[in-house]
Amino acid sequence: MAKKPLVGICLPNKGNFFAELFIRLNLYLSGAKSVSLRANNHISKDKIDGMILSGGSDINPVLYGGRKDAHNTKLDKKRDAFELDMISYAVKRKIPIFGICRGAQLLNIFFEGDLYPTILDFDEYIIHQNSIFPIKDVYVKKKTKLFDILKKDKIKANSIHNQAINKVGESLKVTAEHEGLIQAIEKRNYPFMLAVQWHPEYLFYIKEHRELFNDFVKACNKKKG
């Protein structure tokens with residue numbers, strides 16, 4: 001029997017217990033093994049066949065030319081630096097990358113894009129709801145990797161974020177939106193580089209969101225093979 005691919009999950013040194021648990025569950029259901037990668041412990045990075053950038057705290061605004069005080073949650077500068085290094089490591093080796101929420105934002109910054117520090121910086125009158133359950137319509141663009149995976153041009157997704165992508169990074173493509181806010185980005189001509197603003201790990205009971213992990217793991221298998 002062929003060995004399962006190993007996926008590294010980038011996480012903070014402390015916390016994100018439930019996110020890690022549900023990401024590991026999705027990877028298990030998709031036929032992959034997983035290992036945690038943290039700034040204080042990433043000795044397994046040389047063994048990974050794929051990498052997930054998980055959600056979490058706001059990203060240091062200095063990294064994208066923002067004001068030093070442009071954030072709503074406690075910063076984790078050590079995690080920022082570690083994960084930017086991990087993206088660089090993965091890109092050089094063409095390792096599949098899947099970004100989730102904060103992970104999508106950090107991936108965008110790596111490619112020299114920037115963020116809205118808060119949703120209200122996009123539109124001060126926007127009514128932004130947060131929920132672990134699917135509450136918003138995400139419109140998926142056709143002729144994209146995301147559309148190929150989901151097979152739909154509209155899906156329901158959850159919303160657990162207070163920042164959003166503004167200027168899109170170089171060589172990245174916007175593949176989904178919700179009320180003008182970017183919900184997904186991807187990079188063509190790469191084994192798998194896709195990132196979403198929502199949290200599909202909590203929506204494993206919905207086929208479309210499971211398919212994101214399934215397709216990612218397929219790419220990891222190809223990398224491994």
Side-chain angles (χ1 to χ4, degrees), residues 1-11 19-20 22-37 42 44-55 83-108 110-111 138 140-153 155 157 165 168-176 182-204 206-225:
M1 179 181 288
K3 290 184 178 179
K4 295 180 179 180
L6 181 65
V7 175
I9 308 169
C10 290
L11 295 156
E20 179 182 5
F22 280 92
I23 290 172
R24 283 181 179 272
L25 171 62
N26 279 276
L27 291 172
Y28 171 79
L29 293 174
S30 296
K33 297 186 296 182
S34 55
V35 62
S36 298
L37 300 176
H42 51 276
S44 300
K45 74 175 185 180
D46 294 333
K47 303 175 183 177
I48 64 172
D49 305 299
M51 185 176 77
I52 287 182
L53 300 164
S54 68
E83 293 188 355
L84 285 170
D85 283 344
M86 282 301 305
I87 295 172
S88 179
Y89 175 87
V91 168
K92 287 176 182 176
R93 291 160 179 78
K94 297 287 187 181
I95 293 172
I97 301 173
F98 184 20
I100 296 173
C101 197
R102 168 196 151 93
Q105 296 163 7
L106 193 66
L107 197 61
N108 188 60
F110 177 83
F111 286 99
V138 172
V140 181
K141 296 185 178 183
K142 295 183 178 180
K143 297 183 180 179
T144 63
K145 174 71 170 175
L146 184 62
F147 182 83
D148 291 344
I149 295 170
L150 301 177
K151 303 290 192 296
K152 289 185 176 181
D153 58 11
I155 62 166
I165 292 172
V168 182
E170 294 181 10
S171 76
L172 296 177
K173 179 179 181 179
V174 177
T175 57
I182 293 170
Q183 295 297 308
I185 54 175
E186 64 185 47
K187 180 176 171 61
R188 288 291 192 176
N189 302 316
Y190 192 90
F192 185 106
M193 186 182 293
L194 190 152
V196 298
Q197 184 57 75
W198 66 93
H199 284 261
E201 70 270 31
Y202 298 131
L203 301 174
F204 64 95
I206 299 175
K207 181 179 183 294
E208 288 78 22
H209 299 284
R210 288 199 311 275
E211 287 300 327
L212 291 170
F213 287 94
N214 288 338
D215 204 81
F216 168 65
V217 170
K218 286 179 184 176
C220 296
N221 262 316
K222 289 181 181 178
K223 176 64 178 176
K224 181 180 180 302

Just checking, any donor-acceptor pair under 3.5 angstrom between side chains of Asp46 and Tyr89? yes
Tightest non-hydrogen contact, residues Ala157 and Leu203, listed as CA-CD1, 4.2 Å
How long is the gap from CD1 on Ile97 to CZ on Phe216, to the nearest 0.5 Å? 8.5 Å
Looking only at non-hydrogen atoms, find the nearest pair between Pro5 and Asn221 and report the distance. CD-OD1, 3.2 Å
Rounded distance [0.5 Å steps], NZ in Lys142 versus NZ in Lys152: 13.5 Å
Output for pair (Ile206 CD1, Arg210 CZ), nearest 0.5 Å, gives 9.0 Å
Using side-chain heavy atoms (C-beta onward) and a distance below 4.5 Å, is Pro200 in contact with Ile100? yes
Tell me whether Ser44 contacts the main-chain N or O of Lys47 through its side chain, where contact means a donor paired with an acceptor under 3.5 Å. no
Closer than 4.0 angstrom, basic N to acidic O: yes or no for Glu201 and Arg24? no
Measure up the Phe213 and Phe98 rings against each other and bin them: parallel (under 30°), tilted (30 to 60°), perpendicular (over 60°). perpendicular
Just checking, Lys94 and Tyr190: is the charged tip under 6.0 Å from the six-membered ring centre and within 45° of the axis? no
Before you tell me yes or no, could you show the steps for Ile182 and Thr175 under side chain to side chain contact (heavy atoms under 4.5 Å, CB included), namely the whole-Å CA-CA distance, both residues' side-chain angles and the distance that decides it to 0.1 Å? CA-CA 8 Å; Ile182 293 170; Thr175 57; over 6 Å; no
Rounded distance [0.5 Å steps], CG in Asn214 versus CD in Glu211: 4.5 Å
For the residue pair Cys10 and Met51, establish whether any side-chain heavy-atom pair is separated by less than 4.5 Å. yes
Between Glu186 and Leu146 (side chain of the first, backbone of the second, donor and acceptor by atom type, cut-off under 3.5 Å), is there such a pair? yes
With a 4.5 Å heavy-atom cut-off, do Lys45 and Met86 have their side chains touching? yes
Side-chain contact, heavy-atom cut-off 4.5 Å: Phe204 with His209? no
Side chain to side chain contact (heavy atoms under 4.5 Å, CB included) between Phe110 and Ser88, worked out: CA-CA 8 Å; Phe110 177 83; Ser88 179; 3.9 Å; yes
List the atom of Pro96, the atom of Asp49, and the distance in Å for their closest heavy-atom pair. CD-O, 3.2 Å
Does Ser54 form a side chain to side chain contact (heavy atoms under 4.5 Å, CB included) with Ile23? I'd like the steps, not just the answer. CA-CA 8 Å; Ser54 68; Ile23 290 172; 3.8 Å; yes
Between the side chains of Glu20 and Ser36, does any donor sit under 3.5 Å from an acceptor? yes
List the steps, then state whether salt bridge (charged side-chain N to carboxylate O under 4.0 Å, His left out) holds for Lys145 with Asp215. CA-CA 10 Å; Lys145 174 71 170 175; Asp215 204 81; 2.8 Å; yes
Under a 4.5 Å cut-off applied to non-hydrogen side-chain atoms, are Leu107 and Leu53 in contact? yes
Assess whether side chain to side chain contact (heavy atoms under 4.5 Å, CB included) is satisfied between Leu11 and Leu37, documenting all intermediate values. CA-CA 6 Å; Leu11 295 156; Leu37 300 176; over 6 Å; no
Side-chain donor or acceptor of Asn108 paired with backbone N/O of Gly169 under 3.5 Å: yes
Applying salt bridge (charged side-chain N to carboxylate O under 4.0 Å, His left out), run through Lys151 and Glu208 and close with a yes or a no. CA-CA 8 Å; Lys151 303 290 192 296; Glu208 288 78 22; over 6 Å; no
Shortest non-hydrogen contact from Val7 toward Cys220: CG2-SG, 4.0 Å
Are side-chain heavy atoms of Gln105 and Gln197 found at a separation under 4.5 Å? yes
For a quick test of reading the model, state the closest non-hydrogen atom pair linking Ser171 to Lys187 and the distance between them. OG-NZ, 3.0 Å
Ile87 CD1 to Leu106 CG distance, which is reported to the nearest 0.5 Å: 4.0 Å
Mind checking whether Val217 and Phe192 have side chains closer than 4.5 Å, heavy atoms only? no
Identify the heavy atoms of Val138 and Ala176 that sit nearest to each other, and give their distance. CG1-CB, 3.6 Å
Check: Lys173 and Thr144 side chains under 4.5 Å, non-hydrogen atoms: yes
